[in-house]
Trainee: 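Here it is, the structure in full.
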Amino acid sequence: MTDTTRTVGVLGTGIMGAAMARNLLRAGHTVRAWNRTRDKAEPLAADGAQVVDTAAEAVRDADVILTMLYDGHTALEVMREAAPAARAGAAWIQSTTAGLDAVPRLAALAAEHGLLFYDAPVLGTKQPAEAGQLTVLAAGPQAGRDAVAPVFDAVGARTVWTGEDGAAATSTRLKLVANSWVIAATTATGEALALAKGLGVDPQGFFDLISGGPLDMGYLHAKAALILDGGLEPPSFAVTTAEKDARLIVAAGEQCGVRLDVAAASAERFARAAARGHGGEDMAAAYFASFDEKD
Ligand code: NAP
């Protein structure tokens, strides 16, 4: 393909999907957007998207289908409805963090309908998504890369190719490793701040102590600020989504015989924070899992 503009069917316009759709529009692509809750997709019309009622309408005639849904099960359900309407030979970029069990099933569905499957989870949260600065981890056939490259370029600053077989989930494997780090750092931030509060230690004293040394990190300050300055809503990455990812990480470890205690404990902390009413807040709100009462 020499023309670099694509017709992209975007399925799922949540925190990440809406931002990615906007960047596709900015880059000159045609976007047909579908979301289960149509109201959430509607604002994209002002950016030039065609907002449609069904997933099938979004993918009909699309060169590229982009799924950015909650989890693998959701992506499978939505694409079971949509795929029969898609053009054989179209590319499917599957960016939902779906987990190791789901990716081969999604790839099999793509094969059933003659779609070129790209396992393409992304690294980066709401702000990089809005800025078109995500890192796309991609695995899929060489044959369709010309079709998908302009889409990756519009949503991301960098594409890291991990293989040619999307079904092998090489990108999802790398994504799960990266997310295990993100989740551990989030959990550690919440626990350090909770302990500081319990012990009557000024968090600034802790920040000053590690300032400039190898234990200091930007991520600690970003997540701590959300907790300390009341910036947990709207979320960049919701507690419930983080719980889903922590459980995918634990399951991936079980599959390869690796025990992951921190990810398992993090999943429980996210679940406890959600049970206390923080499920829709940023995952930094796992902090509240340290206290008996909603604080
Ligand atoms: P989100 O804002 O909660 O969006 C979730 C999307 O899934 C919404 O479009 C939602 O539709 C849809 N959905 C949920 N259940 C559904 C169902 N049963 N049927 C149809 N649609 C359904 O989440 P997000 O943060 O954008 O995350 C989307 C994906 O990206 C997740 O897999 C997440 O792990 C991954 N991710 C997130 C981040 C991040 O920082 N946020 C970063 C990298 C990757 P409704 O609007 O109707 O609920």
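Throughout, numbering of the chain's residues begins at 1 and tracks the sequence. One-based numbering, in listed order, for ligands and for the atoms of each.
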Trainee: Any Lys/Arg nitrogen of R269 or E243 sitting under 4.0 Å from an Asp/Glu carboxylate oxygen of the other?
Mentor: no

Trainee: Can you tell which of L11, L69, V10 gets a heavy atom nearest to atom 31 (C) of ligand 1?
Mentor: L69

Trainee: Could you tell me if the side chain of F288 sits less than 4.5 Å from the side chain of R276, heavy atoms only?
Mentor: no

Trainee: Any idea which atoms of ligand 1 are less than 4.0 Å away from a heavy-atom of K175?
Mentor: 43 (C), 44 (C)

Trainee: Which is closest to atom 20 (C) of ligand 1 by heavy-atom distance: T74, T13, L134, V122?
Mentor: T74

Trainee: Looking only at protein heavy atoms, which one is nearest to atom 30 (O) of ligand 1, and what is the separation?
Mentor: M68 CE, 3.1 Å

Trainee: With respect to atom 44 (C) of ligand 1, which of I15, T96, N35, T97 exhibits the smallest heavy-atom separation?
Mentor: T97

Trainee: One pair to check against side-chain hydrogen bond (donor to acceptor under 3.5 Å, both in side chains): Q94 and T96. What are the steps and the verdict?
Mentor: CA-CA 6 Å; Q94 203 311 104; T96 310; 2.7 Å; yes

Trainee: Hey, which atoms in ligand 1 end up nearer than 4.0 Å to a heavy atom of G12?
Mentor: 9 (O)

Trainee: Within the 4.0 Å heavy-atom shell around D245, which atoms of ligand 1 are there?
Mentor: 34 (O)

Trainee: If I apply the N/O under 3.5 Å rule, does M16 come out as touching ligand 1?
Mentor: yes

Trainee: Write out the residue and atom name of the closest protein heavy atom to atom 33 (C) of ligand 1, then the distance separating them to 0.1 Å.
Mentor: T241 CG2, 3.6 Å

Trainee: Can you report which non-hydrogen protein atom sits closest to atom 41 (N) of ligand 1, along with the distance?
Mentor: S236 O, 2.8 Å

Trainee: Will you find, in the side chains of T5 and D3, an N or O donor that is under 3.5 Å from an N or O acceptor?
Mentor: yes

Trainee: Just distances here: any N/O of D71 and N/O of ligand 1 closer than 3.5 Å?
Mentor: no

Trainee: Is the backbone of A147 close enough, under 3.5 Å, to the side chain of R6 for a donor and an acceptor to pair up by distance?
Mentor: yes

Trainee: Could you identify the single nearest non-hydrogen protein atom to atom 4 (O) of ligand 1 and state the distance to 0.1 Å?
Mentor: G14 CA, 3.5 Å

Trainee: Less than 4.0 Å between a side-chain N and a carboxylate O, is that true for R22 and D47?
Mentor: yes

Trainee: Which is closest to atom 32 (O) of ligand 1 in terms of heavy atoms, F237, W34, Y70?
Mentor: Y70

Trainee: Please check if the side chain of S171 supplies one atom and the backbone of T162 the other of a donor-acceptor pair under 3.5 Å.
Mentor: no

Trainee: Return the residue, atom name and 0.1 Å-rounded distance of the protein heavy atom closest to atom 34 (O) of ligand 1.
Mentor: K244 NZ, 2.8 Å

Trainee: Taking the side chain from K244 and the backbone from D71, do they hold a donor-acceptor pair closer than 3.5 Å?
Mentor: no

Trainee: Less than 4.0 Å is my threshold; does some heavy atom of G124 fall inside it relative to ligand 1?
Mentor: yes

Trainee: So is there a nitrogen or oxygen of R36 less than 3.5 Å from a nitrogen or oxygen in ligand 1?
Mentor: yes

Trainee: Evaluate whether atom CD of E42 has more than 12 neighbouring non-hydrogen atoms of other residues, nucleotides or ligands under 6.0 angstrom away.
Mentor: yes

Trainee: Among all the protein's non-hydrogen atoms, which is closest to atom 45 (P) of ligand 1, and how far away is it?
Mentor: T37 OG1, 3.5 Å

Trainee: May I ask whether E77 places a heavy atom under 4.0 Å from ligand 1?
Mentor: no

Trainee: Flag T125 as yes when one of its N or O atoms lies below 3.5 Å from any N or O atom of ligand 1, and as no otherwise.
Mentor: yes

Trainee: Where the side chain of K40 meets the backbone of N35, is there a donor-acceptor pair that is under 3.5 Å apart?
Mentor: no

Trainee: Run the side-chain hydrogen bond (donor to acceptor under 3.5 Å, both in side chains) test on H29 and D63 for me, step by step, so that the C-alpha distance in whole Å, both residues' side-chain angles and the decisive distance to 0.1 Å come before the verdict.
Mentor: CA-CA 10 Å; H29 301 294; D63 304 307; over 6 Å; no

